[in-house]
Amino acid sequence: MTTIEVYGQSRVDSVKEKVKSEIGVDIDILTEDGGEAQDDSTIGDIRTKSPESAELKVSGNAQASTVEDYFEENYGIIIEIKDPDGTEAEDSETLASIRRRYERMDEALPPLASWMNEQMSKQDLEPQGLAKKTGLSTPTIQNLITGKTENPTSSTVDKIEEAFGEPIPDETAEDMRQDAEVAGIGQMQSFDPHGEDLPKGPGVYVFYDISERPVYVGKSITDVRARIRSHREKFWFRSPIVETGEYIGSDDDDMVKSVETLLIKFMKSNAVLNKKEVER
């Protein structure tokens, strides 16, 4: 729930800026006859009734029409919530799903994150709802839709496709494949170290903390899944110390050992959980 304070002496343009800053969407403020209010006019000049409160409380789960009605009924301001392209938002769409479209325009998201956000907007799904449908954790979904996790395991992809009821488009899948490819070694995979969809097979993995700093490098020449699970008894294996993970597979034992050693030496003291392996 977001609270916005609006006063009669507030200028129309300042209220628009405040809504964009606090809620993350653009609005038009209208006069009683339906025309667009002048930016330099005050709210007191155009409101249709005395306000019940100077504080307007807005929920991301509310539909656009509900928010618009609330502004008019509680403060006498007639508003229209806008999509990023400048058109009026659909009445039945939630504020959160509209806001996600603005967020996608503000930063270039990886292919999977962009597609997932589009599907969530279409199906009016919040991260918690998608987590429930997929059986994945809410933090895992958050990492996926913000682009922190770019190339999840195949089992995670299957759960996402099943939840949305359609496969990832071929073009998106190809973009993901190209982004994950490390020439001469294999495909990178992102995973949730605390989840069940862990990578399988031999390879090298890295744990990252909440600030996306690499804190541990590990390997297995048989199956990294068992190796990752073995860390769960360690005192340091918890958020925010261990937040996300990356893995690259290889059947070449010498390659696996070399990549692990190289990464640790490059990371130096940043590999805080590998200190005994670090060259000073």
Side-chain angles (χ1 to χ4, degrees), residues 110-112 131 134-137 139-144 147-162 167-168 173-280:
L112 178 61
T134 58
L136 301 170
S137 68
T140 295
I141 296 298
Q142 290 284 10
N143 286 335
L144 286 164
K148 285 186 176 180
T149 298
E150 297 189 36
N151 297 286
T153 62
S154 58
S155 57
T156 295
V157 170
D158 290 343
K159 291 175 182 177
I160 293 167
E161 291 178 327
E162 184 177 353
I168 294 172
E174 178 59 21
D175 287 342
M176 290 169 60
R177 188 195 67 77
Q178 291 181 10
D179 288 347
E181 184 70 29
V182 178
I185 301 179
Q187 293 273 320
M188 292 281 289
Q189 285 185 12
S190 307
F191 65 94
D192 176 4
H194 306 281
E196 294 305 313
D197 287 344
L198 299 175
K200 301 177 182 178
V204 179
Y205 59 93
V206 180
F207 293 147
Y208 299 86
D209 67 12
I210 196 167
S211 64
E212 299 185 342
R213 180 183 64 163
V215 293
Y216 184 86
V217 179
K219 72 174 188 305
S220 174
I221 58 174
T222 54
D223 188 2
V224 296
R225 172 171 290 197
R227 179 72 176 136
I228 292 167
R229 284 176 172 163
S230 73
H231 294 307
R232 291 180 173 176
E233 302 301 319
K234 307 281 179 65
F235 75 93
W236 48 262
F237 194 87
R238 64 184 187 276
S239 179
I241 299 172
V242 175
E243 193 73 18
T244 58
E246 295 279 349
Y247 157 82
I248 188 163
S250 175
D251 294 324
D252 186 327
D253 294 354
D254 291 335
M255 175 73 78
V256 167
K257 294 173 184 176
S258 296
V259 170
E260 182 202 35
T261 301
L262 183 63
L263 286 174
I264 292 173
K265 290 184 177 182
F266 265 121
M267 287 165 60
K268 296 187 181 295
S269 59
N270 284 323
V272 293
L273 304 176
N274 291 95
K275 284 186 176 179
K276 66 182 178 65
E277 300 286 349
V278 174
E279 287 196 355
R280 303 292 182 181

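Keep in mind that the numbers below use all heavy atoms, side chains included, and drop hydrogens, waters and symmetry copies.
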Closest non-hydrogen atom pair between D175 and P111, with its separation:
CB-CG, 3.6 Å
Looking at every heavy atom in both P199 and V224, which two are closest together, and how far apart are they?
O-CG2, 3.6 Å
List in chain and number order the residues that pass salt bridge (charged side-chain N to carboxylate O under 4.0 Å, His left out) with D197, two or more places apart in sequence or in another chain; answer none if no residue qualifies.
K159
Contacts of E174 meeting salt bridge (charged side-chain N to carboxylate O under 4.0 Å, His left out) (sequence neighbours excluded), chain-then-number -> R177
Is the backbone N or O of [Y] less than 3.5 Å from a side-chain atom of [X], with the two atoms forming a donor-acceptor pair by type?
{"X": "E150", "Y": "S190", "answer": "no"}
{"X": "S230", "Y": "R227", "answer": "yes"}
{"X": "H194", "Y": "V242", "answer": "yes"}
{"X": "Y247", "Y": "K200", "answer": "yes"}

For the residue pair Y216 and H231, categorise the inter-ring angle as parallel (less than 30°), tilted (30 to 60°) or perpendicular (more than 60°).
perpendicular
Residues Q189, E246; criterion side-chain hydrogen bond (donor to acceptor under 3.5 Å, both in side chains); working and verdict
CA-CA 6 Å; Q189 285 185 12; E246 295 279 349; over 6 Å; no
Student check: side-chain heavy atoms of L144 and L112 closer than 4.5 Å:
yes
Mark yes when over 12 heavy atoms from residues, nucleotides or ligands other than E162 sit less than 6.0 Å from its CD; otherwise mark no.
no
In terms of side-chain geometry, is the basic nitrogen of R229 or E196 positioned less than 4.0 Å from the acidic oxygen of its partner?
yes
Sorted by chain and number, sequence neighbours left out, ring-ring contact (aromatic ring centres under 6.0 Å, His included) with Y208 holds for none
